[in-house]
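Here's the structure, in C-alpha cells; my notes come after.
Below, all heavy atoms of this structure are taken into account, side chains as well, without hydrogens, waters or symmetry copies.
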Number of protein chains: 2
Amino acid sequence: MTDRPRAPVSAGLRRDLEILELLARPEHASGGLGVSRIAELLGREKSQVSRALKALESEGMADRDPESLEYRLGWRLYALAARTAEARLTHLAAPYLRRLVAALNETTHLCVLRGSGVLTLLSVSPTHAFRGLGWEGVTVPVPMTSAGRVLLSDWAPDTLRAWMASWLKESPMPGHPRQRPPDIDYLLREIAMIRKRGFAAVDEEFEPGLVGVSAPIRDFRGGIIAAINVSAPKGRLGGHLDEAGRRTLAVARELSAKLGYHPETRPH
Amino acid sequence: MTDRPRAPVSAGLRRDLEILELLARPEHASGGLGVSRIAELLGREKSQVSRALKALESEGMADRDPESLEYRLGWRLYALAARTAEARLTHLAAPYLRRLVAALNETTHLCVLRGSGVLTLLSVSPTHAFRGLGWEGVTVPVPMTSAGRVLLSDWAPDTLRAWMASWLKESPMPGHPRQRPPDIDYLLREIAMIRKRGFAAVDEEFEPGLVGVSAPIRDFRGGIIAAINVSAPKGRLGGHLDEAGRRTLAVARELSAKLGYHPETRPH
DNA sequence: GTGTGCGTTGCGATGTGCGCAACAAGTATT
DNA sequence: AATACTTGTTGCGCACATCGCAACGCACAC
C-alpha cells in the first residue's frame with residue numbers, strides 16, 4: 001500500500017481463475033454453483049462475480065443452466081485443454097498404463113511435476129477396483145511420494161537442496177497436516193538409490209497403509225518429463241514391491257522409447 | 001468509440017483467451033510461440049502481450065521454455081478440465097440422448113466402464129415406453145454387450161486378452177448364468193470391426209430377442225470414457241440396425257466434440 | 001562499429017473494474 | 001395477500017490497473 005514500486009498485478013485473471021477453480025472442485029462439478037454462493041466462497045462482491053461470470057460465459061469458459069442459473073465449466077476450457085502437452089502425453093501413455101494394470105492388477109497413474117506438487121494426469125484401474133475418478137487433476141506433495149521423488153531424480157544435489165528449501169516455505173501441507181516432509185539428506189539418499197536401480201518405492205510415507213512404486217518417463221531430450229506410478233494397499237502389493245517396481249520400470253522404458261528417448265541421450 | 005451506451009466489456013479476458021487460442025492452434029502446439037510473433041498475429045502491442053503472458057504463466061495457464069522463451073499452453077488448463085470431465089459428461093449427455101430417442105423412437109442409455117461391468121448412468125425412453133426404473137445404476141457384463149465392447153475398443157489386443165482373462169476369473173456371470181461369454185478371438189474380431197465402422201452392434205447375444213448398437217464417447221484427452229447405447233426388441237429395431245448404428249455414432253460424435261474431443265487428438 | 005531482431009520496463013493518460021446501493025424476480029413465512 | 005426473505009442484475013462515481021508509446025538491455029549479424 002505504501003511503496004509498491006511497481007505492481008504488475010493482473011487482478012482480473014486471478015479472479016477469473018479463482019472462479020474456474022471453484023467450479024472445478026469435485027463437490028461442485030456435478031451440481032453447479034450460483035452467483036451468491038461463489039461470491040461467498042470467494043469473499044468477493046457478488047456484483048463482480050456476476051459480471052465476471054457473464055464475461056466468462058460469453059467467452060465459452062463457463063456454461064450456465066438457464067433454468068437454475070447455475071454455472072459450470074464451459075466447452076472452451078475443454079477445447080483448450082485438449083491441445084496442451086499434457087493431453088498429448090496422456091493419450092500416448094494410456095495404452096502403456098493399461099498394460100501395466102493388466103500385469104499387476106493394481107491402479108496405475110501418470111504423474112508430472114506441476115509447480116510445487118505432483119499432478120496426476122491419468123489413472124487406470126483394474127477390473128476389480130471401484131473406480132479411478134479419484135486422482136485425475138489432483139496434486140499431492142512432491143517429496144513424500146514415489147512419483148515426486150522420481151520426477152526430481154535427475155536434478156543436481158544442490159539444485160535439489162535449493163528447491164526443497166523453497167518448497168518447504170511455500171507448502172504448508174494443505175490437507176495432510178500430520179505428514180512431515182522428509183529431511184533433505186534422507187531425500188538425497190533416496191534419490192541416489194532411485195538413480196541406481198531405476199525406480200522409486202515408498203512404504204506408507206504418504207498415507208498409512210499405502211505403498212507405491214514409480215519409474216521415470218523421458219522424452220527425446222533425455223530429461224524426465226513424467227512418472228508412472230503404481231499405488232496399492234500394503235497388504236496386496238507390499239510383498240512383491242520390488243517386482244512391481246521392475247515391471248513399472250520396464251513399461252516406463254518402453255514409453256520413453258516411444259517418445260524418442262535413447263539411453264545415450266542423457267542430459268548434460 | 002463514440003457512444004457505447006453501456007459497454008460491459010472484459011477486455012482482459014478476451015485478450016487472454018485470444019492468446020491462449022493462438023497457442024492452442026495445432027500448428028503452434030508443438031513448437032511454441034514468441035512474444036513478438038503473438039503480438040503480430042493478434043495485432044496488439046507486444047508490451048501488452050509480454051505482460052499478459054507473464055501473468056498467464058504465473059497462473060499456470062501458459063508454460064514458457066526458459067531457453068527459447070517460447071510459450072505454450074499450461075498445465076492448469078488440463079488440471080481444470082480433467083477434474084470435471086466426468087461430471088460434465090453426465091450433465092451434458094441428456095439432451096443428446098433425447099435427440100437420439102426422438103430420431104429412433106427407442107430407449108437409449110449412457111454407459112461407462114466401472115469395476116468389472118458396464119454401468120448405465122442415464123436412460124432416456126420414448127414417451128410410449130415405461131418410464132424410468134429401467135437400467136440406471138445397473139451393471140451388465142462387459143463382453144456380451146455392445147456398449148461394453150465399444151468401451152474396450154481402443155485397447156491393444158494383448159491388453160485385452162489379459163483383461164479378459166482376469167474378468168473371466170472374477171465374474172461368474174451373476175444373474176445371467178446361462179450366458180456364456182464369447183471367446184477372446186471372436187471378441188477381438190468384433191472389436192476390430194467396431195474400430196473400423198465406428199459403432200458396435202449385437203444381435204441377441206446378451207438377451208434373446210434383444211438387439212442393440214453402441215458408439216463411443218471420447219473426451220478432450222482423446223480416450224473413450226463412455227458409450228451411447230440403443231437397445232430394443234429385435235422385432236422393432238432389427239430391420240434397420242445399421243442405420244440406428246450410424247445415427248448413434250453421429251450423436252456420439254457431437255457429444256464428444258462438446259467434451260472437447262478433436263479427431264486429430266487420436267494416437268497415430 | 002552499426003545494423004537488425006528479440007523481449008522487457010517506465011510512465012502518463014485513459015478507460016475499466018471495483019464496491020456500494022438500489023432494483024427486479026422468485027420463494028418461503030405469517 | 002402482504003411480508004420478509006432469498007438470488008441475480010444493474011447504475012454510477014471514484015480509484016487504480018491497463019494501454020501504448022518510447023526507451024532500454026541483450027543477442028546476433030555483418
Side-chain angles (χ1 to χ4, degrees), chain A residues 1-23 25 27-28 30-74, chain B residues 1-23 27-28 31-74:
Chain A
M1 188 72 75
T2 58
D3 65 331
R4 205 99 63 85
R6 265 287 145 183
V9 237
S10 57
L13 176 61
R14 183 157 304 167
R15 164 180 50 68
D16 290 346
L17 282 173
E18 276 180 23
I19 293 175
L20 293 178
E21 202 71 49
L22 204 56
L23 293 177
R25 296 256 290 274
E27 62 268 30
H28 309 134
S30 50
L33 279 172
V35 171
S36 289
R37 185 137 178 69
I38 295 175
E40 183 189 6
L41 289 168
L42 260 54
R44 291 176 180 275
E45 280 300 313
K46 59 176 181 172
S47 64
Q48 289 320 307
V49 175
S50 172
R51 287 191 255 248
L53 277 166
K54 193 187 293 185
L56 286 170
E57 191 200 7
S58 82
E59 296 293 339
M61 296 298 280
D63 277 347
R64 182 170 222 185
D65 180 357
E67 304 255 335
S68 68
L69 296 184
E70 286 175 337
Y71 285 99
R72 56 188 68 228
L73 295 181
Chain B
M1 187 77 72
T2 58
D3 66 330
R4 206 95 65 82
R6 265 291 138 184
V9 246
S10 57
L13 176 61
R14 184 156 303 169
R15 163 179 49 68
D16 290 347
L17 283 173
E18 276 180 22
I19 293 175
L20 292 178
E21 205 66 53
L22 204 57
L23 293 177
E27 62 266 31
H28 310 134
L33 281 171
V35 171
S36 289
R37 183 136 180 69
I38 296 175
E40 183 190 6
L41 288 169
L42 261 55
R44 289 175 180 277
E45 281 299 312
K46 59 177 181 172
S47 65
Q48 289 322 307
V49 175
S50 171
R51 288 191 254 247
L53 276 166
K54 194 186 291 183
L56 286 170
E57 190 199 9
S58 82
E59 296 293 340
M61 299 294 280
D63 278 346
R64 183 171 220 183
D65 179 1
E67 304 254 337
S68 68
L69 296 184
E70 285 176 337
Y71 285 99
R72 58 188 65 213
L73 293 180

Self-check item: A/Arg14 CZ - D/dA17 P separation (whole Å)
Solution: 12 Å
Quiz item: To the nearest Å, how far apart are A/Arg37 CZ and D/dT6 C1'?
Solution: 14 Å
Quiz prompt | B/Tyr71 OH - C/dC6 P separation (whole Å) | solution = 15 Å
Report each atom pair, protein N/O against N/O of nucleotides 20-22 of chain C, whose distance is under 3.5 angstrom.
from	atom 1	to	atom 2	distance (Å)
C/dC20	OP2	A/Glu45	OE2	2.9

Self-check item: d(CD, B/Glu70; C1', C/dG5) in whole Å
Solution: 14 Å
Quiz prompt | Student check: side-chain heavy atoms of A/Met61 and B/Leu20 closer than 4.5 Å | solution = no
Exercise. Check whether any side-chain heavy atom of A/Val49 sits under 4.5 Å from a side-chain heavy atom of A/Arg37, and report yes or no.
Key: no
Quiz item: Hey, are the side chains of B/Glu45 and B/Gln48 touching, using non-hydrogen atoms and a 4.5 Å cut-off?
Solution: yes
Exercise. Mind calculating the distance between CD1 (B/Ile19) and C1' (D/dC19) to the nearest angstrom?
Key: 14 Å
Practice problem: Identify which nucleotide among D/dT9, D/dT10, C/dT8 has an atom closest to any side-chain atom of A/Arg64, counting heavy atoms from C-beta outward. | Solution: D/dT9
Quiz item: Taking side chain as C-beta onward, heavy atoms only, is A/Asp63 less than 4.5 Å from A/Arg72?
Solution: yes
Quiz item: Do the side-chain N or O atoms of B/Ser50 get closer than 4.0 angstrom to the phosphate oxygens (OP1, OP2) of C/dG7?
Solution: no
Self-check item: Residue closer to the 5' end of DNA chain C, B/Val35 versus A/Gly12 (nearest nucleotide)
Solution: B/Val35
Quiz item: So do the side chains of A/Glu70 and A/Leu33 get within less than 4.5 Å of each other, counting heavy atoms only?
Solution: no
Exercise. Take the protein atom CG of B/Asp65 and the nucleotide atom C1' of C/dG7, then report the distance between them rounded to whole Å.
Key: 15 Å
Exercise. Rounded off to whole Å, could you give me the CD-to-C1' distance for the A/Glu18 and C/dG17 pair?
Key: 15 Å
Practice problem: Please state whether the phosphate of C/dT9, meaning OP1 or OP2, lies under 4.0 angstrom from any side-chain nitrogen or oxygen of B/Lys54. | Solution: yes
Quiz item: When the distance from CD of B/Glu40 to C1' of C/dC6 is rounded to whole Å, what number comes out?
Solution: 13 Å
Self-check item: Sugar-phosphate only, base, or nothing, as touched by A/Arg44 at under 4.0 Å among non-hydrogen atoms
Solution: nothing
Self-check item: Heavy-atom donor-acceptor pair, B/Arg44 side chain to B/Ala39 backbone, under 3.5 Å
Solution: no
Quiz item: Is there side-chain contact between B/Leu23 and B/Tyr71, with at least one heavy-atom pair below 4.5 Å?
Solution: yes
